[in-house]
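Shown next, in structure tokens, is the structure this report addresses.
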There are 2 protein chains.
Amino acid sequence: MPRPRQFDDHDAVRKAIEVFRRQGYHGTSTRDLGAAMGLNPSSLYRAYGDKHALFLRALDSYQTVQDEATGEITSSSDSVRSALRRWLVHMITEEQDHAWGCLMVNTAAELGAEDSPTRERVHAAFDGNVTVIADLLEKAVAEGEITREIDVHGWSELLFTTVAGLRVRDRAGQPLERLTAAVDTALDAIWGR
Amino acid sequence: MPRPRQFDDHDAVRKAIEVFRRQGYHGTSTRDLGAAMGLNPSSLYRAYGDKHALFLRALDSYQTVQDEATGEITSSSDSVRSALRRWLVHMITEEQDHAWGCLMVNTAAELGAEDSPTRERVHAAFDGNVTVIADLLEKAVAEGEITREIDVHGWSELLFTTVAGLRVRDRAGQPLERLTAAVDTALDAIWGR
DNA sequence: CTTGTTCGGGAGCGATCGCTCCCTATCTCG
DNA sequence: CGAGATAGGGAGCGATCGCTCCCGAACAAG
């Protein structure tokens, strides 16, 4: 019965993610969003509610894409070490030209823990990454890649903390070589040089 | 000749730092700043220029205080390991009640590398911390605390990346125990358990 | 085709933004 | 004390903020 919308929801949210990543939540106006998404104010508000709701929508969509990429990268058939390295380096090289950082990390730093729905999504994303790392380390132990005993819990926390730090430093414009040096030092500490 | 100002510059900037840490740059209005600093708009603008200049002033003052605290903590007479641990834990426990994160890390995540004067200050602060860590590790090697060979450059990058990640996770509201687990795993990797 | 519903477009709401001006008060110095 | 200069206070500037309303257009169902 209704007239169908003339814009693609998925593309529009992708554009919103892009703007929020670059400019942050408070640095992005609804006019910025409308311009990037190709929507006038009324269409934007009818389709997505308000700015905050669209932001949550962007967080969810962003994390879905992130999780898919994580799954593809970490489910390869070669060694856990190389899969983990590929994943860690991917975190700081997914965008070729611009370093926009991670929307979840940027959001955590900008908004902190004040806003509940935001905090929940940030925690879910962070804890999901810790679990991915823990699963990889367990797999490395099971497959005999790591010979000596390893504190999987401690290393999962440390490696994820490293991921968060890498994405901040990447966004700050620090050179890739220094960030990969950190990555390789961590991997050397687990697997040996 | 002129009438002296009735507010304390140092205290006022400290208040500005507090607000910027909590709310970020774009999330803070000049009225927020004026209210926190006890200044009406005209006094604020005459004394500090505009919002951006006050922000740079806050960044500089913040880093000065941070560097002083770092010097005090890391120049103790006991082992390098315990000094380094105290410093790392201090990063996530300096505020008792609220987790406002690090102004430099928050700024890096919110504003990225777009604004030059901001980026320069963030880089100076980051690189200063990397140097502090490198000096501590060199000292540990020199004093025989670390027996096996260690890649000081790689570990400096990794430990500072960890610091950045810790402060993001702290601001996001993640529990202290998980963050200290990351810290201790890193220290164990260098010094042994 | 008619009807019903949502669409895209645009004007514009009240509130707040960063910031400036003007006025008087208060201080230092000759 | 008089002169000079900057202080604090407050009104308010134009611009932009998040958001709403109204409009004719476009499409699905009967």
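Throughout, a chain's letter reflects where its sequence line sits, starting with A, and its residues are numbered from 1.
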Please give, in whole Å, the distance from D:dC19 P to A:F55 CZ? 14 Å

For the pair made of CG in A:L54 and P in D:dG18, what is the distance, rounded to whole Å? 11 Å

Verify the distance criterion only: is there a donor paired with an acceptor across the side chains of B:S29 and B:D32 at less than 3.5 Å? yes

Between A:P41 and B:G38, the residue closer to the 5' end of DNA chain D by nearest nucleotide is B:G38

May I ask you to decide whether B:R81 forms a salt bridge with B:D188, counting only side-chain N to carboxylate O separations under 4.0 Å? yes

Where along residues 25-36 of chain B does a heavy atom fall under 4.0 Å from DNA chain C? B:T28, B:S29, B:T30, B:R31

Check each of A:Y62, A:Y48, A:Y25 against A:F55 using the ring pair (Phe, Tyr, Trp, His ring centres under 6.0 Å) test, and report the only one that passes. A:Y25

Separation of C:dG8 atom P from A:D9 atom CG, nearest Å, is 11 Å

Listed range with range, the stems formed with DNA chain C by at least 3 consecutive Watson-Crick or G-U pairs (under 3.5 Å) are C:1-30 with D:1-30

Take atom OH of B:Y48 and atom C1' of C:dT20, then tell me their distance rounded to the nearest Å. 19 Å

Would you say B:Y45 reaches C:dC19's phosphate, i.e. side-chain N/O to OP1/OP2 under 4.0 Å? yes

Flag the pair B:D11 and B:R14 as a salt bridge only when some basic side-chain nitrogen lies within less than 4.0 angstrom of an acidic carboxylate oxygen. yes

Scoring nucleotides 22-30 of chain C by protein non-hydrogen atoms under 4.0 Å (B base, S sugar-phosphate only, - none) yields ---BBBBS-

